[in-house]
Amino acid sequence: MNEATAGTTLRDVTAASSAQAPILFLHGIDRHYRQGNVTLHILRAAEFAVWPGQSVALVAPSGAGKSTLLHIAGLLEHPDAGDVFVDQVATSRLSDAERTRIRRTEIGFVYQFHHLLMEFSAIENVIMPQMVRGLGRREATKRANDLLAYLGLKERLTHRPAARAVANAPRILLADEPTGNLDPTTSEHVFSALTQLVEASGLAVVVATHNMDIAARMHRRVTIRDGLVVELD
């Protein structure tokens with residue numbers, strides 16, 4: 001993991017070897033919205049880098065732009081200016097199909113509200129994204145069972161979305177208040193399993209959270225201040 005997180009530049013990213021480069025780099029990101037005659041500037045030339053095997057807590061007040069930052073980082077939303085680099089690939093000029101491919105293979109998402117397909121069981125929700133990627137049903141089923149067991153959810157197959165988010169072995173996991181609807185015991189178990197996954201696989205994780213106990217246990221803590229991503233310590 002690269003500890004030199006502050007002051008990362010585009011030249012640093014493009015010149016670095018793949019082993020040294022951040023897996024995710026947001027460069028010069030601007031995002032604004034119009035409300036009547038008023039322009040709301042959410043992000044202003046924001047810079048943000050995350051390395052493999054690194055967990056980052058994004059803590060900021062409601063309305064500061066946490067979800068906007070995650071949506072842009074996850075290629076769900078286009079910035080008004082700037083670029084998102086995933087594994088040193090600039091994504092701003094990619095086709096929609098290429099951006100979709102990167103989302104499917106490189107990025108996992110966890111939300112406070114689970115967005116599961118409610119007509120299917122939890123194990124089916126974990127199997128399906130693997131089959132969309134091209135895995136056979138037998139192998140996808142085995143991986144789903146193993147993953148649910150790893151997360152301690154084998155006996156609760158209709159609960160929690162975290163397994164689906166990592167079913168395709170992404171390199172980046174973006175989570176928006178992932179434990180907000182969990183009881184303390186389950187929240188602790190899911191967070192511990194996620195921490196082990198980061199250490200074992202080199203997964204990069206960005207978690208937007210109001211839970212300062214969770215934030216304190218991550219490698220870095222950042223906030224959004226005046227449209228910039230700022231390190232807290």
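Basis for what follows: all heavy atoms, side chains included, without hydrogens, waters or symmetry-related copies. Note that the coordinates shown come from a computational prediction; the quantities given were computed from them, not determined experimentally.
With respect to Arg171 and Asp87, a salt bridge is recorded, a charged nitrogen being found less than 4.0 Å from a carboxylate O. Salt bridge absent: Glu231 and Arg221 never bring a charged side-chain N and a carboxylate O closer than 4.0 Å.
The shortest distance between side-chain heavy atoms of Leu232 and Val222 does not fall below 4.5 Å. Side-chain contact between Leu173 and Val206 is absent, with no heavy atoms from C-beta onward closer than 4.5 Å. Side-chain contact between Glu98 and Arg93: absent, with no pair of heavy atoms (C-beta onward) separated by less than 4.5 Å. Inter-residue side-chain proximity for Thr68 and Tyr33 is flagged as met; some heavy-atom pair is nearer than 4.5 Å. Using a 4.5 Å cut-off on side-chain heavy atoms (C-beta onward), His210 and Ser62 make contact. Side-chain contact between Ser67 and Asp176 is present, with at least one heavy-atom pair separated by less than 4.5 Å. The shortest distance between side-chain heavy atoms of Trp51 and Thr8 falls below 4.5 Å.
A distance-only check finds no donor-acceptor pair linking the side chain of Thr223 to the backbone of Val230 [under 3.5 Å]. Using a distance-only test at 3.5 Å, with no hydrogens or angles considered, no donor-acceptor pair links the side chain of Gln20 to the main chain of Ala15. With Asp83 contributing its side chain and Ala90 its backbone, the two residues share no donor-acceptor pair below 3.5 Å. Under the 3.5 Å distance criterion, the side-chain polar atoms of Glu47 are matched with a main-chain donor or acceptor of Gly28. The backbone N or O of Leu40 lies less than 3.5 Å from no partner atom in the side chain of Gln35, so there is not a single donor-acceptor pair.
Considering all non-hydrogen atoms of both residues, Leu203 and Val198 come closest at O-CG1, 3.5 Å. Scanning both residues, Ala73 and Leu26, for their nearest heavy atoms gives CB-CD1, 4.1 Å. Minimum heavy-atom separation, Arg103 to Leu76: CD-CD2, 3.6 Å. Considering every non-hydrogen atom in both Phe25 and Thr9, the closest pair reads CZ-C, 3.9 Å. For the pair Ala208 and Leu70, the tightest heavy-atom approach, listed with the atom from each and the gap, is CB-CD1, 3.8 Å. The shortest non-hydrogen separation linking Lys66 to Ala60 is NZ-O, 2.8 Å.
Residue Gln54 holds its CD atom at 10.5 Å from CG of Leu24, rounded to the nearest 0.5 Å. From Leu194, atom CG reaches atom CD of Glu199 across 10.0 Å, with rounding to the nearest 0.5 Å. Atoms CG and CZ, on Leu94 and Arg99 in that order, are 7.0 Å from each other to the nearest 0.5 Å. Summarising the geometry, atom CD1 belonging to Ile72 is positioned 5.5 Å from atom CG belonging to Leu43; distances are rounded to the nearest 0.5 Å. Summarising the geometry, atom OG belonging to Ser92 is positioned 10.0 Å from atom NE2 belonging to His27; distances are rounded to the nearest 0.5 Å.
The local environment of CZ in Arg34 is crowded, with over 12 non-hydrogen atoms from other residues, nucleotides or ligands closer than 6.0 Å. Heavy-atom contacts from other residues, nucleotides or ligands closer than 6.0 Å to CZ of Arg225 number 12 or fewer.
In summary, the side chains of Ser192 and Glu188 do present a donor paired with an acceptor at a separation below 3.5 Å, with no hydrogens or angles considered. Side-chain atoms of His32 and Asp80 include a donor-acceptor pair closer than 3.5 Å. Side-chain polar atoms of Ser55 and His219 form a donor-acceptor pair below 3.5 angstrom.
Two different hydrophobic clusters hold Val84 and Leu10 under the rule that ILVMFWY side chains link at heavy-atom gaps under 4.5 Å. Note on Ile102 and Ile23: same hydrophobic cluster, where clusters join Ile, Leu, Val, Met, Phe, Trp and Tyr whose side-chain heavy atoms are under 4.5 Å apart, directly or indirectly. The hydrophobic cluster containing Phe48 also contains Phe109, counting ILVMFWY residues as joined when their side-chain heavy atoms lie under 4.5 angstrom apart, directly or transitively.
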**Item:** Derivation of the side-chain contact (heavy atoms from CB on, under 4.5 Å) call for Thr209 and Leu58
**Value:** CA-CA 6 Å; Thr209 183; Leu58 173 59; over 6 Å; no
**Message:** Go through it in stages, so that I can follow the logic: the residues are Phe85 and Thr91, the test is side-chain contact (heavy atoms from CB on, under 4.5 Å), and I'd like the CA-CA distance, side-chain angles, deciding distance and then a yes or no.
**Reply:** CA-CA 6 Å; Phe85 291 77; Thr91 63; over 6 Å; no
**Message:** If you apply the rule side-chain contact (heavy atoms from CB on, under 4.5 Å), what do you find for Val50 with Ile172, and how did you get there?
**Reply:** CA-CA 9 Å; Val50 185; Ile172 304 163; over 6 Å; no
**Prompt:** Where do Arg31 and Glu77 land on the side-chain contact (heavy atoms from CB on, under 4.5 Å) test, with the steps shown first?
**Reply:** CA-CA 10 Å; Arg31 190 71 176 106; Glu77 185 174 331; 2.7 Å; yes
